[in-house]
Amino acid sequence: MKELLKISKYQLNDVRRSKWIIIYTLFFFAVTYGLINFTKEPSKVLITLLNVILIIIPLVSIIFGTVYLYNNKNNITFLSAQPLKREVLFAGMYIGLVLPLVASFIVGAGLPIIIYIPLFIEYSGILILLLFAGIMLTLIFGCLAFYVSIKNEDKLKGFGLSIFVWLLLSVLYDGLVMFIMYNFSEYPLEETSIALSLLNPIDLARITLILKFDISALMGYTGAVFNNFFGGSWGIYISSVSMLFWIIVPMYFALRNFRKKDF
Amino acid sequence: MNRISAYIVFSFLVTLASSDTVISKSINIGANFEYKEVSTALQIVDRFDTINVHPGKYLLNNFLISKPVVLKGIGKPVFDGSGKNQILLIRSDSVTIEGITFQNAGISFINDNAAVKLDSVKHCKVINNIFKNNFFAVYLAETSNTKISGNTISASSKRETYSGNGIHLWYCKNILIENNSIRGHRDGIYFEFVKESVIKNNISQGNLRYGLHFMFSDKCSYYGNTFKHNGAGVAVMFTNNVQMYNNKFIENWGSASYGILLKEISDSNIRNNLFYKNSSGIYLEGCNRISIFYNDFIENGWAVRLMANSMDNKFERNNFIGNSFDVTTNNIKNYNVFKNNYWAEYKGYDLNRDGFGDIPYRPVKLFSLIVEQNRPSLILMRSLFVELINFAERAFPVFTPETLIDESPIMKKIKHDKASQTAKEFWAFESAQ
Amino acid sequence: MIKLAKLQKNFGHLKALNEIELAIKPETITYIAGPNGSGKTTLIKAILGLVKPDAGEIFVDNIKLNGDCNYRSKIGYMPQAPSFPENLTVKEVFEMLKDIRAKHSDLDDQLVHSFGLEKEKNKRLKNLSGGTKQKVNAAIAFLFNPQILILDEPTSGLDPASSSILKDKIKEERAKGKTIILTSHILSELEELAENVILLIEGKVCFNGSLISLIDKTEKKNLERAIASLMSEAAA
């Protein structure tokens, strides 16, 4: 495990010095700080932050991850030729990639909030969930970046695939869900709609958060299933467990591919 | 000389006898006193005397008070209805009931059994009493110029059929209902055919159905009340000239639960109220010429649900913050006006720095219409897909009403402090005594 | 001593390594030659564990490769294109490799000094010239005093002076009894260094012997001609 920490440390240093990470951090900072100063309305800041987390974090995580891995292909090859287990190398690269991304988010968005902490005191529950969602989505989409780049030798194909994966999970999937719900509206759809949403990590993060933001609307819904799912705390638990699956499963396949890969 | 002095004495005595400000006497009843029964005391006392009721449990059933007296509890005596019938029935003017704990007025499917019922009387007061587990607590029929204040009313909120209302008024006028707290009844406060009354600073919460429910009750005013966690919120119907100021409608959740449901209400003012975390803040159906100004709609599910048969209502200078849906409607047509409100969701700009947004705001989202038709789609709340279609609709409205638009939304949250309030206490009720 | 037995590697239909039987002589500089697509890169990568063979066995120092990675501490690898994380400094790259190899002492830093890498140690790799990066590449391959050195185009990108330094270093290590495997397109320097030649054509070993015997066999005057003649023979 010592090697893991060492590898992680160097990879981390390499990633965090990238100019894109700095831009990413500044982006979060600018958005959060700007909003707080402009509106002075904590709920508005948090809702915008929610949108940024659901849209930008997956996009940046998967694109940055894919590009980074392709750019460092030779690098990785060289390290694979060292007395270093591939699993350790893989884990070290993953940690080295996601930790700076997570840190950018936490520092960039967190700093303005800490500066204005009195405004946000009563929203601490939501803040924790937002933090959690941002971190999970970074981890998940970082994993997906690994899977895509390891599986695809062709850089262009891999990059396009990454964008497509993002588009699929952030927009197309929900469109499909709505299409299904519209066309099967005669059938009782509550359980189906919850189940479908649980299959998408972005929706999972989103649902965990609307449990807080929109609880008044959700409680105004007739379906008992919704009320049970959303009213009780086990809605949050199920979402969290499902998100873990979205990290574990892609990571398993990515690692498997990495182990067998011919460099 | 004799005749003159006799005359003087005589007229003095006459004046004294006919004056109402004659010094009244009081008698005490209680375990340690000569008189133990209320009935006995009532027979003995003169009009306008006081009966001091000392601690103890008094079993009373349909007890009639037919002369003007003050019935004053000292040290919280208990009047118990034993689960049967009513406790006190007041058929005389100028009766004051004070400081008594009333409990167990009986449940009935035929009669409206109340702990204290006032029937066709005037100038009465029911103040500072405690009401526990009664079917109806305070019931006024055809009564006027009466004050109900400072009472603590609670029941155990069993099923609707087993519960009566907390304060129930029927065909009344000039009633002041003030500083009461009501919980656990079917409706906290219920009015039918009540006029020119004031409901002030009450807390009505945790009732099975409505915290406040009135119909056909014109020209009443509601100030400073809190309606919280009631099963269906507040519902008011078929009434004109309602004044609602500074009330709080909080956390009424459920598909049929509203901060306030307005049905066939017209020419009314709803101002400076707080609608916080309700499933639906305000619901308007068949309403006309209502001014909804200076209210705060905060973190509700649907802030304003405006049904198409409502016309000429005005929404101005309200704050819409953190609601899942600001405004929703059920029709493509709109005959109401939204002006100068603060919308937290507004993403426009103010280049000429006049405090008003330069581009108008459309508060009805396409997604809200989709949800109306297909409730499970709520689960897609705040997804990118939904935001995109909302954006498309906002840019090119096809499904949402074109005229439901705030032409000049305010850029900054509006401060609703008391000083800016322009409340005129119409129909102010002067305490009768 | 590196031995390959019935080594097979296919990429789709292409047989990059076709049942290769090979022993690489220890304490020798071996030049692996062959046209593009002949499998020489694949061969090297198989030895390094970068490519997993479909069939056959590889023995390094009589120990069979079985997916374990520890044998690689005996190998120093200098890839064709120097590749290290671009935002790390030279010093950090050295530290990183030392940490991976868990070896911080008994290091051979002769090349570090002779290439003058000390003064570059705080520069980030992306800011180095191609030549300097190649020097770092070389220095790292030799740093851990490995028993086996695998050098892929070692002098490419180096100026003549550095090229000489490197070639001298290679000879020095050979004199110490190291096993060195080379590939190169600069045949003149191979003439200088190579002792053994292995020629791969279409995944098969066409020649495995000393340089001298190759020239004898083909009756050509230099390595280049000799290899060319063997390749055209094979093509026929």
Side-chain angles (χ1 to χ4, degrees), chain A residues 38-48 50-51 54-55 58 123 167 169-178 180-182 184-185 187-198 200 202-203 206-207 209-210 212-223 225-227 229-231, chain B residues 232-233 250-259 275-281 283 297-303 305 319-326 328 342-347 349-350 366-368 370-371 373-389 411-413:
Chain A
F38 199 63
T39 63
K40 301 235 186 323
E41 194 58 56
S43 66
K44 193 165 181 184
V45 174
L46 293 174
I47 287 183
T48 308
L50 168 67
N51 284 323
L54 292 179
I55 301 169
Y123 293 94
L167 203 60
L169 291 175
S170 64
V171 181
L172 299 175
Y173 187 86
D174 288 339
L176 184 66
V177 170
M178 182 165 282
I180 292 177
M181 288 206 272
Y182 219 75
F184 294 96
S185 51
Y187 302 90
L189 281 172
E190 302 129 26
E191 277 153 0
T192 324
S193 58
I194 293 182
L196 284 175
S197 297
L198 291 179
N200 177 337
I202 297 186
D203 280 346
R206 187 174 54 76
I207 287 175
L209 284 158
I210 64 174
K212 285 276 177 178
F213 279 113
D214 300 297
I215 188 69
S216 310
L218 292 169
M219 293 304 277
Y221 174 67
T222 40
V225 178
F226 262 48
N227 275 329
F229 186 80
F230 292 121
Chain B
I250 296 177
E251 285 172 0
N252 298 290
W253 277 355
S255 59
S257 183
Y258 303 90
F275 296 86
Y276 177 66
K277 280 201 165 146
N278 301 289
S279 287
S280 301
Y283 175 99
F297 294 90
I298 302 193
E299 293 178 33
N300 300 285
W302 289 261
R305 306 184 65 162
N319 287 320
F320 289 85
I321 298 173
N323 303 295
S324 299
F325 302 95
D326 285 328
T328 187
Y342 172 71
W343 311 88
E345 296 257 325
Y346 179 60
K347 293 176 179 46
Y349 43 80
D350 179 20
L366 177 57
F367 185 52
S368 68
I370 293 177
V371 169
Q373 283 208 2
N374 191 343
R375 278 300 174 113
S377 17
L378 250 184
I379 199 160
L380 292 174
M381 185 88 214
R382 299 192 196 282
S383 70
L384 179 53
F385 178 75
V386 163
E387 297 297 323
L388 287 173
I389 62 178
M411 300 303 291
K412 279 200 165 80
K413 183 173 164 190

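Keep in mind that the numbers below use all heavy atoms, side chains included, and drop hydrogens, waters and symmetry copies. This structure is a prediction, so every number in the text was calculated from the model and none was measured. Naming convention: chains lettered A, B, ... in sequence-line order (proteins, then strands); numbering from 1 in each chain.
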Within the structure provided, determine whether [X] and [Y] are in side-chain contact (heavy-atom separation under 4.5 Å).
X	Y	value
B/F325	B/V371	yes
A/L50	A/R206	no
A/L169	A/P58	no

Heavy-atom cut-off 4.5 Å, strictly under: side chain, backbone, both or neither for [X] against chain B?
X	answer
A/Y173	neither
A/L196	neither
A/S197	side chain

Can you say whether the rings of B/F320 and B/F297 are parallel (under 30°), tilted (30 to 60°) or perpendicular (over 60°)? parallel
Checking [X] against chain A: side chain, backbone, both or neither under 4.5 Å from a heavy atom?
X	answer
B/F367	side chain
B/Y346	backbone
B/K277	both
B/I370	side chain
B/E251	neither
B/S257	neither
B/V386	side chain

Holding to side chain to side chain contact (heavy atoms under 4.5 Å, CB included), I want the full list of residues that pass it with A/F38, two or more places apart in sequence or in another chain. none
With sequence neighbours excluded, tell me which residues meet side chain to side chain contact (heavy atoms under 4.5 Å, CB included) with A/I47. A/N51, A/F213, B/E345, B/R382
For the pair B/S279 (side chain) and B/G254 (backbone), establish whether a donor and an acceptor sit closer than 3.5 Å, ignoring hydrogens and angles. yes
